[in-house]
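Residue indices begin at 1 and follow the sequence shown.
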Amino acid sequence: MQLLCRRTEAFSAAPGALGAHLTLRRFSTHSKHKRLPHMPFRNISSLGYDQKIAECGVFIHDRWFSPALQLKFFGDGSDHDEAVLVEAYNPQRHLATVTIPAGAVLAPQVPQDIHMYPLILKEALEISLKAHEHKKVSCWAYCGNNLLAPPRCELFPTDYQLSNGHLSSQAAVLAAVERFLVKHE
C-alpha cells in the first residue's frame with residue numbers, strides 16, 4: 001500500500017491563534033444563523049455535472065463532515081500526493097477525530113472558481129487531534145472534471161462522494177464521470 005499522506009505538521013496552539021477556520025456545521029433553515037453559502041451544494045450542476053450522476057449511483061449523497069474539528073482544504077492540481085492540503089484544528093478540550101471518506105468531492109470556494117474542477121480524494125483520510133492541536137496533512141486527489149481548469153485555491157467539502165468502484169486511477173475516475181460532465185459557459 002502506498003503512503004499518500006506525506007507531509008504532516010502538528011503543534012499545539014491556543015484557540016484562535018491559527019486565524020479563521022471553517023467550522024463544519026449544519027443549521028436548520030429556521031435557525032437565526034445563516035447557512036454557509038458553500039455547503040451543501042443544492043444542485044450538483046454547480047460542480048460541473050449533470051444531476052443524473054447522483055441518480056444513477058456514480059456519486060453518493062453522503063454528509064460525512066462533522067463539527068468535531070475545524071477544517072480548511074486547499075487544492076493544488078490533481079493526480080499527485082500533495083493535491084489537497086488539509087489544515088485541521090481541534091478547538092475542543094478532548095481528543096477528536098474526523099474521517100474524510102475515499103471519493104469525497106471537494107469544490108472550489110467561490111462562484112468565480114466555477115471554471116475550476118472539483119477534486120476527489122483517492123483514499124479515506126482519518127485525522128485525530130488532541131485538544132487545541134493543529135495539523136496539516138497532504139493527500140492524493142483526482143481531477144473530477146477534465147473540461148475545467150485545475151484548482152489552486154481553497155476548497156470546500158460537498159455532500160457527495162464518488163463511489164468506491166471508480167477510485168483505482170485518474171482514468172477510472174474520468175471514465176465514471178465522463179458522460180455526466182457539463183461545460184460551464
Side-chain angles (χ1 to χ4, degrees), residues 1-13 15 18-28 35-36 38-41 44 47 49 53-54 57-109 117-144 151 153-170 172-173 176-177:
M1 184 170 123
Q2 180 183 13
L3 179 64
L4 297 178
C5 298
R6 222 192 233 174
R7 185 178 59 194
T8 302
E9 300 172 24
F11 55 90
S12 294
L18 302 170
H21 286 277
L22 168 66
T23 301
L24 302 175
R25 293 190 179 142
R26 296 233 174 244
F27 300 111
S28 75
R35 172 175 242 146
L36 297 175
H38 56 273
M39 271 188 315
F41 282 94
I44 203 161
L47 298 173
Y49 304 104
I53 197 167
V58 173
F59 272 12
I60 301 164
H61 191 257
D62 181 22
R63 293 186 178 146
W64 58 266
F65 40 88
S66 161
L69 297 177
Q70 294 175 349
L71 302 172
K72 285 179 104 174
F73 301 87
F74 299 92
D76 187 19
S78 63
D79 206 19
H80 63 87
D81 62 352
E82 294 185 351
V84 173
L85 173 68
V86 182
E87 289 185 3
Y89 173 67
N90 180 2
Q92 301 180 47
R93 296 181 179 165
H94 53 81
L95 178 73
T97 300
V98 66
T99 300
I100 304 168
V105 179
L106 304 173
Q109 175 186 7
Y117 56 72
L119 292 175
I120 298 173
L121 294 188
K122 179 178 181 177
E123 293 184 344
L125 178 63
E126 184 174 284
I127 302 172
S128 294
L129 298 174
K130 297 175 189 170
H132 306 295
E133 184 180 17
H134 179 263
K135 186 181 280 186
K136 293 180 181 181
V137 180
S138 293
C139 56
W140 193 293
Y142 295 122
C143 162
C153 60
E154 189 168 0
L155 303 169
F156 285 98
T158 69
D159 282 350
Y160 297 98
Q161 71 184 84
L162 183 64
S163 58
N164 281 333
H166 306 290
L167 295 171
S168 61
S169 67
Q170 178 65 71
V173 169
V177 302

At their closest point, which heavy atom of [X] faces which heavy atom of [Y], and how far apart are they?
| X | Y | result |
| --- | --- | --- |
| K130 | L95 | N-CD1, 3.9 Å |
| P91 | Q70 | CG-NE2, 3.8 Å |
| V105 | Q161 | CG2-CA, 4.0 Å |
| A107 | L47 | CB-CD2, 3.4 Å |
| S78 | A83 | CA-CB, 3.9 Å |
| A131 | R93 | CB-C, 3.5 Å |

Got a donor-acceptor contact below 3.5 angstrom from the [X] side chain to the [Y] backbone?
| X | Y | answer |
| --- | --- | --- |
| E133 | N90 | no |
| Y142 | A172 | no |
| D159 | H61 | no |

Gap between atom [atom2] of [Y] and atom [atom1] of [X] - 0.5 Å precision:
| X | Y | atom1 | atom2 | result |
| --- | --- | --- | --- | --- |
| L119 | T158 | CG | OG1 | 11.0 Å |
| H80 | K122 | NE2 | NZ | 12.5 Å |
| H132 | Q92 | NE2 | CD | 9.5 Å |
| L69 | E87 | CG | CD | 13.0 Å |
| F73 | L85 | CZ | CG | 10.0 Å |
| F74 | L106 | CZ | CG | 12.0 Å |

* Asked: Quick one: which of L167, I60, I53 gives a side-chain contact (heavy atoms from CB on, under 4.5 Å) with L162?
  ->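 So the option named by the test is L167.
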
* Asked: Should the pair Y49 and F59 be assigned to parallel (<30°), tilted (30 to 60°) or perpendicular (>60°) ring geometry?
  ->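 Judged by the thresholds at 30° and 60°, the geometry between Y49 and F59 is perpendicular.
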
* Structure fact -> Hits for side-chain hydrogen bond (donor to acceptor under 3.5 Å, both in side chains) against D62, two or more places apart or cross-chain, chain-then-number order -> none

* To do: Please identify each residue that fulfils side-chain hydrogen bond (donor to acceptor under 3.5 Å, both in side chains) with S169, with sequence neighbours left out.
  => none

* Are side-chain N/O atoms of D79 and W140 paired as donor and acceptor at under 3.5 Å? -> yes

* With sequence neighbours excluded, what pairs up with E126 under the side-chain contact (heavy atoms from CB on, under 4.5 Å) test? -> T97, T99, S128

* Student check: side-chain heavy atoms of C139 and E123 closer than 4.5 Å ->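 Of all side-chain heavy-atom pairs linking E123 with C139, none is under 4.5 Å.
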
